[in-house]
Each structure stands twice: as structure tokens, then as C-alpha cells.
Amino acid sequence: MLDKLEAIQQRFNDVSEQLTQPEAMSDMKRFKALNKEYKDLGKIVTEYKAYQQVLSNIDNAKEVISTEKDQDFREMAKAELDELLPEQERLEAVIKELLIPKDPNDSKDVIMEIRAGAGGDEAAIFAGDLQRMYMRFAEKQGLRMDLIDATEGTSGGYKEIVLSLKGEDVYGKLKFESGVHRVQRVPATETQGRIHTSVASIVVMPEAEELDIELDMNDIRKDLFMSSGPGGQSVNTTYSAVRLTHLPTGLVAQCQDQKSQLKNFDKALQVLRSRIYEIELAKKNEAEGAARKSMIGGGDRSDKIRTYNYPQGRVTDHRIGFTVYNLPSVMDGNIDDFVEQLRIAESAERLKEGVG
């Protein structure tokens, strides 16, 4: 492990040097890649320096114990050693975790789409509950959530809502939320008190930047329409809402959240670019054999991943068999346990299979 850490330290120094060169600054794509590498390597180098200091202190304490004749000095060294050895183990565990190959998209911001599935009005209400859950999670994590587009349900909630989330390591935290979420509860509209099952599907995509994927604007058709509210009524009298169609793939993205046509265009383009990037990513993974079926799944949109059972106050993630009995807390955005357990499962798989 020390040889690998030395190589990382050397690479960190090289990247640091390259970032100061004029040629790196003149090539924005290269500069951005170097900057990301510098940040990623820096996390490991910081822990490595702390680890080196601990190893040095351990050697000094052992030398005092073996050579010092003064009993008090030896006792002090032994006490110091008792503190240093657990710290050595802790740092080794942290460094091993950092050395596990990461998904290169983990640091990206995300586009999240939540759609009501089977269950009628109740499914739309549940989609709204999920949107609030992620909004509360974002607030607690210091992430920024912005609305891109939404179609409201007739009894509340959303038939469909598209959001962007920005912050540190957003895709890494939320990528395993993709799939079918199922709710079991008595709907507010149910008069007989019967438990219904409804579903909503979630897609979490890494937000693609211009550097990730180039779009030919000649391949995109732009349509303008009036923004509409619940029931389809027009909420403004200008054609500020934008719908973009990518002609080669037939993919469509739209935004009507902003009063400015230009802002709506930028947001719709952001979504369209991310949807195309997601398709390219799936092709790349398949070509590399990385889109394997694993216990945490490949984010397949048809996979039922989680059940929210209100009568039992239970939330179960079916991919890792993880269950908690604090449903109100989960719906208030406390999904950290699921995020952590899914990341641990992914890390274990990457370590086992050596996936980079």
C-alpha cells in the first residue's frame, strides 16, 4: 500500500505543477480534468501525510520503550503508543476506502426525474411525497435543488417533476435512488380504509456538461409554448416555455419554470444533454461489461428497489435487504442510512471485482 501511496503523492505533485503551466490554462477541457484529479488525489495525500506522521511517532515511541532507562519516560511512551496504534488502524481503513476505484461520475451534479406510476391520484401524491423527501435531504446535506419542469396531479403531488440538484458528490449520494419506489398505505381518497399499493419511478442522471458531450444544434428542434399550470390553464401570456427535441434520438426535454425564454432554453438543454449522456454511458458500460446484474442493480428503471409501508412504519430496500422502522423520519429526508449502506455495498463490489 505504501508504494501505491508514494506513486499517488508523486502524481499529485506532478498535477499540481501542471496546473500552474500556461498551456494547461489555455485548454479548458484539460484544465478541468487536471483540477478534478488534483482535488481527488488531494483527499488521499492529506490522509497519507497524517498516516506518515503516525508511523513516525510509533517508531519514536517504540525506540523510547526499548532504549530509555527512565521508567517515567518509558511509561509515557507506552501510553502514547496505546493511542497511536488504534489511530494507525483507523487511518489505514480510511486510506483503503479512498483507494477503492470510484465511479468517475460520483462528483457530478444530477438531474432527477420523478414520475407517478400505477395507482392514479395516489401515485401522484406519493411522487410529491418523494419530491419533498429529497428536498429535505438536500437541505440537510447542503445541496441546492431547483425545479426544471413539473406536471401537477389533479389531487395533489405530481404526475411528473424534473429537478436539478447541485453540490458536493451529489451523484455519488443519489445514484442508487433510480428505480421503482412502492408505497403501501390507505389513501386519503379511500373511504373503506383499505390499503392500496402505488408506485412512482425515479431516474437519477449525472448532469452532463458541454465538455462531456457535444450537441449539434442543427440536430435540435426548438418549440415554444405558453407555460401552463394545474388543469392546463395558461399561467402567462408569452411563449416563454421551451420544448427541445433531439432529432437523431427522439429525446424530448422541456422547461416552463422560468419567465425567461432564455433561462428555460438553458435548463431544457441541460436536461437533454444529460439524457443523451446517460444513453452514451449505458452503451459504454455495456461495452466494458460493467452493466452487470449485481446486488445493488444497475439502476434499471423497471427494478422495484424500495417499499414504504405506512401501516408498519417500515421502509425496505430490496437490493440489499436493509429495513428501518422509522418511516416518518425517512419521509422527512433522513435517508442517510440507505445512502450509506448502498455505498458500502458498491464499495465492497468494486473492491472484490477491481472495477475502475
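Taking the charged nitrogens against the carboxylate oxygens, R273 and E207 have no contact shorter than 4.0 Å, which rules out a salt bridge. A salt bridge is defined here as a Lys NZ or Arg NE, NH1 or NH2 lying under 4.0 Å from an Asp or Glu carboxylate O, and R306 with E177 meets this definition. Ion pairing of D332 with K140 is present here, as a side-chain N (NZ or NE/NH1/NH2) and a carboxylate O approach within less than 4.0 Å. Electrostatic pairing of E278 and R275 does not count as a salt bridge here, judged by no charged N lying under 4.0 Å from a carboxylate O. Look at K36 and D40 and you find a salt bridge, because one of the NZ, NE, NH1 or NH2 atoms lies within 4.0 Å of a carboxylate O, short of that distance. Remark: D223 engages R221 in a salt bridge, criterion side-chain N to carboxylate O under 4.0 Å. Under a 4.0 Å N-O distance rule, the pair D72/R74 does not qualify as a salt bridge.
Using modelled atom types, one finds no donor on one side chain facing an acceptor on the other under 3.5 Å when comparing Y158 with D129.
The shortest side-chain heavy-atom distance between L5 and I44 falls under the 4.5 Å cut-off. H196 has its side chain out of reach of V186: every pair of non-hydrogen atoms, C-beta onward, lies at least 4.5 Å apart. Using a 4.5 Å heavy-atom threshold, the side chains of T323 and D317 count as separate. Annotation: side chain of L91 is in contact with side chain of E47 (closest heavy-atom distance under 4.5 Å).
In terms of modelled atom types and a separation under 3.5 Å, the side chain of S56 and the main chain of Q52 share no donor-acceptor contact. A donor-acceptor contact shorter than 3.5 Å is absent between the side chain of N105 and the backbone of P206. A donor-acceptor distance shorter than 3.5 angstrom exists from the side chain of S260 to the backbone of L262, with no hydrogens or angles considered. In this structure, K267 contributes its side chain and L147 its backbone to a donor-acceptor pair below 3.5 Å.
Within a 6.0 Å sphere centred on CD of Q21, other residues, nucleotides and ligands contribute more than 12 heavy atoms. Heavy atoms of other residues, nucleotides or ligands lying less than 6.0 angstrom from CE of M331 number more than 12.
Evaluation of the ring-ring contact (aromatic ring centres under 6.0 Å, His included) test over residues 91-135, restricted to residues two or more places apart or in two chains, returns F126-Y308.
Between the CZ atom of R343 and the NZ atom of K173 there is a distance of 7.0 Å, given to the nearest 0.5 Å. Note that OG1 of T197 is 8.5 Å distant from CG of N309, once rounded to the nearest 0.5 Å. Note: N264 CG to F225 CZ = 8.0 Å, rounded to the nearest 0.5 Å. Distance check: I320 CD1 to I344 CD1 gives 8.5 Å after rounding to the nearest 0.5 Å. Going from atom CD1 of I161 over to atom CZ of R115 covers 11.5 Å, rounded to the nearest 0.5 Å. With rounding to the nearest 0.5 Å, the separation of CG in L85 from CD in E89 is 7.5 Å.
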Task: Audit row: E23, R30, salt bridge (charged side-chain N to carboxylate O under 4.0 Å, His left out) steps and yes/no - done: CA-CA 9 Å; E23 53 266 31; R30 180 164 174 258; 5.8 Å; no
- [ ] Quick one: do Q131 and M145 satisfy side-chain contact (heavy atoms from CB on, under 4.5 Å)? Show the steps, please.
- [x] CA-CA 10 Å; Q131 184 272 334; M145 175 184 275; 3.8 Å; yes
Task: side-chain contact (heavy atoms from CB on, under 4.5 Å) evaluation trace for Q141 with D336 - done: CA-CA 10 Å; Q141 294 283 318; D336 310 62; 3.1 Å; yes
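Between I148 and S164 the shortest heavy-atom distance is CD1-CB, 3.9 Å.
Scanning for side chain to side chain donor-acceptor pair (under 3.5 Å) contacts around E340 gives an empty result, with sequence neighbours left out.
Just one residue in the list D146, I111, V110, D109 forms a side chain to side chain contact (heavy atoms under 4.5 Å, CB included) with L165, and that residue is V110.
No chain of hydrophobic side-chain contacts below 4.5 Å, direct or via other Ile, Leu, Val, Met, Phe, Trp or Tyr residues, connects V252 to L163.
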